[in-house]
Amino acid sequence: MSKKILAADGKTPLRDTISQQKNAVYRGAGIGFGGQLRDWNPQLKSVDAALLPVLPRAQARTDDVIRNNGIAANGIQLHQDHIIGSDYRLSYKPNWHLLGIKPDKDFVKEVEAVFRDIAENPNCFIDAERKRTFTMMMREAVATHAYSGDVMAKPEMIKDSHSPFSTCIRMVAPKKVTNPSRKMDTDRFRAGMEINRYGQTIAVHVEQGGDLFGVGRTWRRIPMRIRGGRTGFIHVFEPLEAGQTRGVNKFLSSLEQLKMLDTLQNTKLQKAIVNAMYAASIESELGTEEAMQFLLGSNQGNQDGSPLETLLSGYGDYYDGASVKLGGVKLPHLFPGDKINIHSAGNDDNGFSDLEQSIIRYIAAGLGLDYAQLSRNYSQMSYSTIRAAMNDSWRYFMGRRKIIANRFASLIFELLFEEMMIRKYITLPSKARYSFYQRRHAWTRCDWIGAGRMAIDGLKEVKEAVLLIESGLSTYEEEAAKLGKDYQELFAQQVRESEERKEKGLPPPSYMKFEDFAPEQPEGQVNG
């Protein structure tokens with residue numbers, strides 16, 4: 001009788017497993033070596049089919065972890081600070097070639113000035129709720145996209161005698177966009193989005209009221225585009241595949257780890273607190289029957305109190321006379337059957353730090369961030385490693401800025417540009433090939449200047465910028481944008497300062513070689 005060697009599952013002959021592995025076109029689609037993948041049979045679903053049935057629960061769990069987990073909150077803060085920063089500025093660049101006219105610098109400056117006046121007005125006229133400036137609105141947008149997967153807003157026309165514009169933006173929480181009466185998803189209605197046969201969203205259904213106990217909840221149908229081509233509702237997200245209706249938030253891939261990390265840290269903290277609370281205790285040996293007798297005994301026939309009171313009184317009298325001390329090192333003769341237990345506060349790591357770092361690295365990868373940024377731990381890192389990590393995350397931030405933030409900002413700018421034109425705040429250059437309504441995007445094409453790239457070693461990065469410009473591989477516009485500055489404003493300010501220095505009798509600024517005032521540092525050191 002021949003014996004068969006079984007695989008890791010204890011059932012499949014090892015010979016059959018090896019044979020299947022050799023014959024498999026893609027081994028990942030087989031049963032795996034030893035049959036490890038035999039029970040891994042996920043269903044093939046579209047993003048909508050996988051996401052929409054669990055969307056409310058996913059949103060609720062993500063909201064909870066953002067509110068209560070410091071690592072998650074820092075992830076949101078990093079998105080806001082690195083994508084938007086403290087000032088999100090318009091860089092207006094019409095498509096002059098398509099419009100058939102020569103570039104007009106004065107027109108560009110006029111448009112930027114009018115937009116900035118309304119966008120950053122401290123009275124927040126650009127916000128329907130009068131709570132946010134344009135930059136604040138953009139910071140909220142990238143945060144909302146990070147933890148919900150969508151950016152949503154409703155353009156409004158609100159007449160206000162104090163505001164130069166009627167156009168304003170009402171931010172919409174994605175959790176408020178649901179099917180009417182919260183009915184099940186269909187081919188026409190999916191997660192509050194009304195879809196036509198081409199897969200286009202033609203209208204959105206937004207819940208009104210009902211924040212407390214669902215009382216008075218109604219739904220408002222908002223078309224995506226209204227008469228004349230004006231945007232009726234703004235919805236920005238990055239689809240992962242065709243037919244996708246709602247965005248997937250960045251936390252879903254690591255939500256379980258975030259929750260378990262919270263539990264792990266709290267448990268570790270509780271253990272440390274308990275260990276630190278007690279230095280010593282007295283342990284008394286008392287049988288179960290005697291203990292129950294003392295605890296449950298009655299006062300019947302006992303004029304001096306219950307058996308438990310009698311026992312405790314005896315303990316107290318004994319130790320009052322025995323003078324039990326711990327700090328004085330004296331070890332007394334204990335009550336019969338008692339013993340002293342010494343508790344050490346201790347701070348045994350037992351691999352906790354390594355496990356915590358591993359979990360945070362996993363979370364950082366899911367969020368597209370660098371571990372050092374997310375954990376705020378830059379120890380044991382050289383300039384080269386920090387720069388490599390920051391450049392990697394910078395590419396991610398720039399992708400989010402281009403796809404999410406810039407698109408959302410440009411849609412808002414298009415709405416305000418139309419009212420600028422109608423109210424005669426600006427006059428379009430003559431002899432243009434197309435009107436605004438014929439080519440909206442050509443007239444409103446623009447770029448946006450947000451947070452600059454973090455300078456790790458300012459001297460090295462300034463040298464790099466100068467060399468890129470001098471070698472023709474970059475421009476002042478690109479390098480200034482990396483610092484979060486507008487090169488035109490920078491040049492204008494330099495001219496004003498030079499003229500003022502002449503008026504005051506001061507010498508012009510001296511431009512020295514970098515090596516003359518700051519020699520190179522060794523690779524492993526970082527300035528500051």
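Keep in mind that this is a model prediction, so the values were computed, not measured. Hydrogens, waters and symmetry mates play no part in the numbers below; they use all other heavy atoms, side chains included.
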- Residues pairing under salt bridge (charged side-chain N to carboxylate O under 4.0 Å, His left out) where one sits in residues 191-202, two or more places apart or in two chains, turn out to be Arg188-Glu194, Glu194-Arg221
- Contact list for residues 358-373, test salt bridge (charged side-chain N to carboxylate O under 4.0 Å, His left out), sequence neighbours left out: none
- Task: Give every residue pair that meets the salt bridge (charged side-chain N to carboxylate O under 4.0 Å, His left out) criterion with at least one member in residues 474-485, sequence neighbours excluded.
- Result: Lys93-Glu477, Glu479-Lys482
- Message: For Phe233 together with His235, are the ring centres under 6.0 Å from each other?
- Response: no
- Message: Out of the candidates Thr201, Asp185, Asp48, only one should pair with Arg190 under the side chain to side chain donor-acceptor pair (under 3.5 Å) rule; please name it.
- Response: Asp48
- Query: Is the shortest distance from a Lys or Arg side-chain nitrogen in Arg89 or Glu112 to a carboxylate oxygen in the other one below 4.0 Å?
  - Reply: no
- Who are the side-chain hydrogen bond (donor to acceptor under 3.5 Å, both in side chains) partners of Arg439, not counting sequence neighbours? none
- Is there any salt bridge (charged side-chain N to carboxylate O under 4.0 Å, His left out) pair reaching into residues 244-256, and which pairs are they, with sequence neighbours excluded? Asp150-Arg246
- Query: Using a distance-only test with no angle check, is there a side-chain donor-acceptor pair under 3.5 angstrom linking Asn95 and Tyr434?
  - Reply: no
- Item | Under 3.5 Å: donor-acceptor pair, side chain of Asn121, backbone of Phe125 | no
- Task: For the residue pair Glu497 and Gln493, confirm or rule out a side-chain donor-acceptor distance under 3.5 Å.
- Result: yes
- Query: Can you list every pair that meets side chain to side chain donor-acceptor pair (under 3.5 Å) and has a residue in residues 67-86, with sequence neighbours left out?
  - Reply: Asp64-Asn68, Asn69-Asp262, Asn74-Arg376, Gln77-Asp81, His79-Tyr396, Asp81-Arg139
- Query: Should the ring pair Trp448 and Phe413 be called parallel, tilted or perpendicular, given that the plane angle runs from 0 to 90° and is split at 30 and 60?
  - Reply: perpendicular
- ring pair (Phe, Tyr, Trp, His ring centres under 6.0 Å): which pairs involve residues 463-484, sequence neighbours left out? Tyr476-Phe491
- Message: Test of understanding: with side chain to side chain contact (heavy atoms under 4.5 Å, CB included), list the residues that count as partners of Met390, not counting sequence neighbours.
- Response: Gln373, Tyr378, Ile386, Ser393, Met454, Ile456
- Item | Sequence neighbours excluded, every pair satisfying ring pair (Phe, Tyr, Trp, His ring centres under 6.0 Å) that has a member inside residues 135-174 | Phe165-Tyr425
- For Tyr362, enumerate each residue passing the side-chain hydrogen bond (donor to acceptor under 3.5 Å, both in side chains) test, keeping only those at least two apart in sequence or located in another chain. none
- Is the Phe436 to Phe417 ring centre distance short of 6.0 Å? yes
- Message: Suppose we screen for side-chain hydrogen bond (donor to acceptor under 3.5 Å, both in side chains). Which residues come up paired with Asp117, at least two apart in sequence or across chains?
- Response: none
- Donor + acceptor pair across side chains of Arg445, Ser410 (<3.5 Å): no
- Query: Between Arg230 and Thr167, is any pair of side-chain heavy atoms under 4.5 Å apart?
  - Reply: yes
- Query: Between atom OG1 of Thr62 and atom CG of Asn249, what is the distance when rounded to the nearest 0.5 Å?
  - Reply: 4.0 Å
Under 3.5 Å, sequence neighbours excluded: what are the donor-acceptor pairs made by side chains of residues 151-159?
| from | atom 1 | to | atom 2 | distance (Å) |
| --- | --- | --- | --- | --- |
| Glu156 | OE2 | Arg170 | NE | 3.2 |

